[in-house]
Amino acid sequence: MATSTGAEGEGGEGYFASISDLMVGVLFVFLLMLTVFALNFRDAEEEQMIERARYEEALRRAELAETEAQQQAEHARQAQAEALRQSAEAARQRAQNEELRHLLTEAVAQLERDLENRQNQRNRLLLSLEKSLQDQGVRVSLDPGSGILRLSGDLLFETGQAVYRAEAQQTIVTLADVLSGLLPCYAVGGRADGCPPDSMPILETMLVEGHTDRQPYRNLAPSQSQARNDRLSTDRALAVFQTLRQTQPVLEGLRNSDGLPLLGVSGYGERRPLPEAQAATEEDYRRNRRIDLRFVLSARTSEELQRLRDRIRGLLGTVP
């Protein structure tokens, strides 16, 4: 029995040893599985972190793309708004330029009408003066393009003198009478009876101009000869100027549109010979010895032209 009990003891120990080994094996397997699970979990966690990082990067890029798209859309909207603004500004400029072109065209046309009207009125004045003087026996000639009524100096003065010939005084008196009846129609400060209905102040001045020939004085240097002719032409012009004013004081009261005296005087000596009388002949010398009445047109603009000028200045933004 003792032997049997010993055998059973060995067998029991062997049984517990097998169970222990089995448990160790199971624990090892469990640890191994736990290790594998831990490794797999770590790999999965790393993969998840990588995926999360990718997701966050993708999200960031999407947000950047959305922001950029919004910026591009804003830029496109601003560009469109700027394009519309520029288009509207261009349309406004075109309309303004068209209006300015129209106003300038109208202003040029008005200026041409004003100039033509003034020239026509001056020509009418010259023709009326010529006819009235010729009817009274005073011989004159006209230069309508320059606005000049011309009297021969030889009919008025002795050679080299500024004193009237015997019959010349009456000629200038007649001239003064005719001027006093017509000139107030075209100046400020007087209104003659029978003025044309459309007459208006068109004159800047009426100059009494003296001219001599270019023959030199004997025993004088050329400069001295020219100076004497300057003086002679001025003295002759002054003589006519004073006779006109003394004969018809109304002429002294005439003014231009700026309120300045209408009558003036000048002497040119030999400096302004007639274009058609340039030869050194007695005939051309005679023609250049003359008294000219020069009717200078006023540069003052009409009311219509002033209105157009103001509109143009307003359009250009230059109105003070």
Side-chain angles (χ1 to χ4, degrees), residues 105-152 155-156 170-209 237 240-266 290-311:
T105 301
E106 191 176 349
V108 170
Q110 182 63 42
L111 183 61
E112 291 175 346
R113 287 193 295 268
D114 287 353
L115 182 59
E116 182 180 6
N117 178 56
R118 294 180 189 192
Q119 288 176 335
N120 289 338
Q121 291 202 47
R122 184 175 66 179
N123 289 341
R124 183 171 62 193
L125 170 62
L126 290 173
L127 291 173
S128 298
L129 289 171
E130 180 186 37
K131 183 179 184 306
S132 297
L133 290 170
Q134 288 180 349
D135 289 346
Q136 299 188 50
V138 177
R139 181 162 53 90
V140 297
S141 61
L142 299 181
D143 180 359
S146 300
I148 291 175
L149 183 144
R150 184 163 289 137
L151 296 89
S152 172
L155 297 178
L156 302 176
Q170 184 56 43
T171 297
I172 303 303
V173 169
T174 301
L175 175 62
D177 293 340
V178 171
L179 284 172
S180 68
L182 292 171
L183 202 55
C185 298
Y186 304 94
V188 177
R191 190 73 179 173
D193 295 333
C195 289
D198 61 340
S199 62
M200 64 181 65
I202 62 168
L203 297 176
E204 174 68 23
T205 185
M206 188 202 81
L207 290 176
V208 180
E209 299 179 344
V240 174
F241 178 71
Q242 290 171 355
T243 302
L244 292 176
R245 294 162 60 208
Q246 291 169 0
T247 303
Q248 287 292 343
V250 66
L251 298 176
E252 179 69 13
L254 296 180
R255 297 289 186 271
N256 62 18
S257 298
D258 293 323
L260 300 175
L262 188 68
L263 269 62
V265 63
S266 59
R290 67 193 193 274
I291 293 292
D292 288 347
L293 300 187
R294 184 183 296 272
F295 298 85
V296 181
L297 290 174
S298 172
R300 181 179 288 271
T301 57
S302 65
E303 292 182 359
E304 176 63 19
L305 194 57
Q306 289 178 0
R307 182 186 67 81
L308 291 171
R309 182 189 61 186
D310 291 342
R311 288 183 62 188

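Predicted model, so just to flag it, every value in this text is computed and none were measured.
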*asked:* Taking the side chain as everything from C-beta on, heavy atoms only, tell me whether Arg139 gets closer than 4.5 Å to Leu155.
replied: yes

*With respect to Leu179, which candidate in Asp177, Leu182, Leu175 satisfies the side chain to side chain contact (heavy atoms under 4.5 Å, CB included) definition?*
Leu175

*asked:* Are the side chains of Ser298 and Leu203 in contact, using a 4.5 Å heavy-atom criterion?
replied: no

*Salt-bridged, Arg294 to Asp143, with N to O below 4.0 Å?*
no

*Find the distance between CD (Glu116) and CG (Asn120) and round it off to the nearest 0.5 Å.*
5.0 Å

*asked:* Can you give me the closest heavy-atom contact between Val265 and Ala237, atom names plus distance?
replied: CG2-CB, 3.5 Å

_Exercise: identify the closest heavy-atom pair between Glu204 and Asn256_ = O-ND2, 3.0 Å

*What distance do Lys131 atom NZ and Leu129 atom CG have between them, rounded to the nearest 0.5 Å?*
12.0 Å

*Any side-chain heavy atom of Leu207 within less than 4.5 Å of one from Leu293?*
no

*CE/Met206 to CG/Asp292 distance, rounded to the nearest 0.5 angstrom?*
11.5 Å

*Quick one: does Gln121's side chain have a donor or acceptor within less than 3.5 Å of a partner on Asp198's backbone?*
yes

_Using a 3.5 Å distance criterion without hydrogens, assess whether the side chain of Asn123 forms a donor-acceptor pair with backbone atoms of Gln119._
yes

*Side-chain (Asp258) to main-chain (Leu260) donor-acceptor, under 3.5 angstrom*: no

*What heavy-atom pair brings Phe295 and Arg122 nearest, and what distance separates the two atoms?*
O-NH1, 2.9 Å

*Under 3.5 Å, is there a donor-acceptor pair between the side chain of Ser199 and the main chain of Cys195?*
no

*If you take all heavy atoms of Cys185 and Gly181, which pair is closest and at what distance?*
SG-O, 4.4 Å

*asked:* So which atom in Leu251 and which in Leu263 form the shortest heavy-atom distance, rounded to 0.1 Å?
replied: O-CD1, 3.8 Å

_Within-4.5 Å side-chain heavy-atom neighbours: Leu156 and Ile172_ = yes

*Which pair of non-hydrogen atoms, one from Pro144 and one from Leu126, has the smallest distance, and what is that distance?*
CA-CD1, 4.1 Å

*Is there a donor-acceptor pair closer than 3.5 Å between any side-chain N or O of Thr205 and the backbone N or O of Leu262?*
yes

*Side-chain contact, heavy-atom cut-off 4.5 Å: Pro261 with Glu252?*
no

_With heavy-atom distances below 4.5 Å as the criterion, would you say the side chains of Leu151 and Arg290 are in contact?_
no

*How about Arg118 and Tyr186: does a side-chain donor come under 3.5 Å of a side-chain acceptor?*
no

